[in-house]
Amino acid sequence: MIREQLKRRITQAIQVAQVAGDLPPFDVPAFTVDHPRQAQLGDYSASVAMQLARPAHMPPAQIAERIADRLALDGMAAVDTAGAYLNFRLSPQYLTDQVDRILAAGAAWGNIDIGAGKSVQVEHGSANPTGPLTVASGRNVVIGDTLANALSAAGYTVQREWYVNDAGNQIRHFGESVYARYAQALGVDEPFPEDGYQGDYINDIAKAVIDKDGDRYLKMPRADARRALGKLGIDSIMDGVRASLARVGIHHDNFFSERSLYESGRFERVLPLLRDKGLLVEYDGALWFSEDGSPIRNSEGRGEKPENAVKKNEAVQVVVIRSPKVIAEPSERPTYFASDIAYVWDKLVERHFDRAIYVWGEDHQGDVPRLMAVTRALGLDTSRIVLLIYRFITLMRNGQEVRMGKRSGNIITLDDVVDEVGADATRFVLLSRSIDTKIVFDLDLVKKQSDENPVYYVQYAHARISSILRKAREESGDNKAGAARQSQSTGAGYQFAHPSELALIRKLLELEEVVEQVATQLQPHHFTTYAQSLATTFSAFYRDCRVLGEAPEVSAARMKLVQATRATLARTLALMGMSAPERM
RNA sequence: GCCCCAAUGGCGCAGUGGAUAGCGCGUUUGGUUGCGGACCAAAAGGUCGGGAGUUCGAAUCUCUCUUGGGGCACCA
């Protein structure tokens, strides 16, 4: 990357200056190379001279001069000092050469190697398998998928995983709900459970079972039937979830069953690690994880927290792992947190990912400290897990907030939204803001404004370039002589000079920096900002510079430039999981 | 009460300790005998929530206050 190259050259210049006696000896500190806010100042700038004033005992401006004198830039850029700043302007020749570099990279343009093959798991989605994929979960999967794309482009080996919460109370209620609808559909007077799932899809599941298996589940013990129907229901729902995900271009490498943590005995194998450290505490008939091994105090039943778990500042996490009060069937599962323990062990130790990223909604924010605590207690480096907390979306319809709940059956599915506004616009909306910012998803507004969605502006630029390239092909068909002239010229002798040409190349080069930014900050919205900015820069070029019908070497060079632009737009859209249409 | 997140033009949001804080929408005024007008240009609009601190330098880091969102169950 250009920034890294400049950094290296600056460091070398400082060291050369030190050897030559222009600068006193000192260790070169970490410094950054940035884009100046004012474009007229240059393409890149470094304020390292400011940092060096103290160790060098010299005025910053003088340090900057001496670094500039020793810089070996090999025609890459011109350097200028402005006070303590070193300002770099990439040379037209260097920028011209970059177009060829982009075209040579092809579909791999934008890839960088900061990941160095390290393995990362991105776990996203993981919504309860008790109902269809909601638009609320849509934000989760779009964030996770885009991050996975970015990490992959950044050189990491990435696995995309969905954690299927197929154990626990909610699943039991779900199984009871399916059973009730099933029995009712067969004419049996079966009461619907109080905590049951109200959605119509439960009826659909029940009917499908009847079509396939008739009434055989009525003939087995009720508890067995409920469990079996629950399992069938989960399978059916997960099939639907996969189909919904596919519509927005999302595919997971693995669907990991929570239940499997118990069926495989993994949970029972991990527990002794905590027991041996004295971190498992018995209290009130239940088993607890206590971060410092302290006994549970003052826990008086449901609803009351253990006293020593209250102060998070004191960093003592106390969480129940297994209790007869949690679930009637201890074989099914202890608690959610118990699963977390086995699951993080599975990720980091059994499957030895270098890093595990969890994409969690803000309702799970309180779970962060306890997962950190137990990871530490297992003797694992907590920096290997990253808990990303994103804010929820607020759904508006008819000017009113839509409250959603899977249990009430009042849900807006991701499919509903995709039907209304399309997959690309849906992804763009869900991606367009920092994960720390809530998104107000106004269905009426987005539908009405879907034509004005920024994604179309970006795709329009891509379609427009495609149109130019089509036209060029048509013309070469119509005019053999012109085609011969055009094809002979590769634009090799042409050096880009128009400000709009150079600005466009600079913008193309930013893609690598944006990939780095998304992959290190784990903030996918940078892609949307970049995509719009790239489209805007292209529009300015399009306004100022004709591609077709200019002198052959100019046309040829600009053809290459727009091809590189198209490649960059297409890659950016691909990283965001969106299509790059040839026509609109 | 405790913990996490946020507060930036009218609205919605970007912003990597660095120079004159940007983008979209909206508003106002303009632009095409040009490769796609789903376009483009210009203008107006800012004490970056208040206060203190760290630093050569703070929208950015620390503390504090205010306001808003979320979380604090033997639920998931």
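Here is how names work: the chains are called A, B, and so on, in the same order as the sequence lines, proteins then strands, and each is numbered from 1.
- Not counting sequence neighbours, the partners of A/His124 by the side chain to side chain donor-acceptor pair (under 3.5 Å) test are A/His252.
- Side-chain nitrogen and oxygen atoms of A/Arg464 include at least one within less than 4.0 Å of the OP1 or OP2 phosphate oxygen of B/rG37.
- Residue A/Tyr457 is in sugar-phosphate contact alone, with no base atom involved, counting any heavy-atom pair closer than 4.0 Å across all strands shown.
- In this structure, B/rA6 forms a base pair with B/rU67, meeting either the Watson-Crick or the G-U wobble geometry with both donor-acceptor distances under 3.5 Å.
- In a base pair of the Watson-Crick type (N1 to N3 plus N6-O4 or O6-N4) or a G-U wobble (N1-O2 and O6-N3), with each distance short of 3.5 Å, B/rU16 is matched with no nucleotide.
- Using a distance-only test at 3.5 Å, with no hydrogens or angles considered, a donor-acceptor pair links the side chain of A/Asp424 to the main chain of A/Ser579.
- Ring-plane geometry between A/Tyr542 and A/Phe538 is classed as tilted, the angle between the planes lying from 30 to 60 degrees on a 0 to 90 degree scale.
- Nucleotides B/rA44 and B/rU32 place their P atoms 23 Å apart, quoted to the nearest Å.
- Considering only residues two or more places apart in sequence or on other chains, A/Tyr85 meets the side chain to side chain donor-acceptor pair (under 3.5 Å) condition with none of them.
- Comparing the C1' positions of B/rA21 and B/rC13 gives an interatomic distance of 14 Å, to the nearest angstrom.
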Assign a letter to each nucleotide of nucleotides 12-19 of chain B from its 5' end: B, base within under 4.0 Å of a protein heavy atom; S, sugar-phosphate only; -, no contact. SSSSB-BB
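- If you check every strand for non-hydrogen atoms under 4.0 Å, A/Glu582 touches a base.
- Base engagement by A/Ala463 is indicated by at least one non-hydrogen atom pair under 4.0 Å involving a base atom.
- The pair A/Glu474-A/Lys471 fails the salt-bridge criterion, with no side-chain N (NZ, NE, NH1 or NH2) lying under 4.0 Å from an Asp/Glu carboxylate O.
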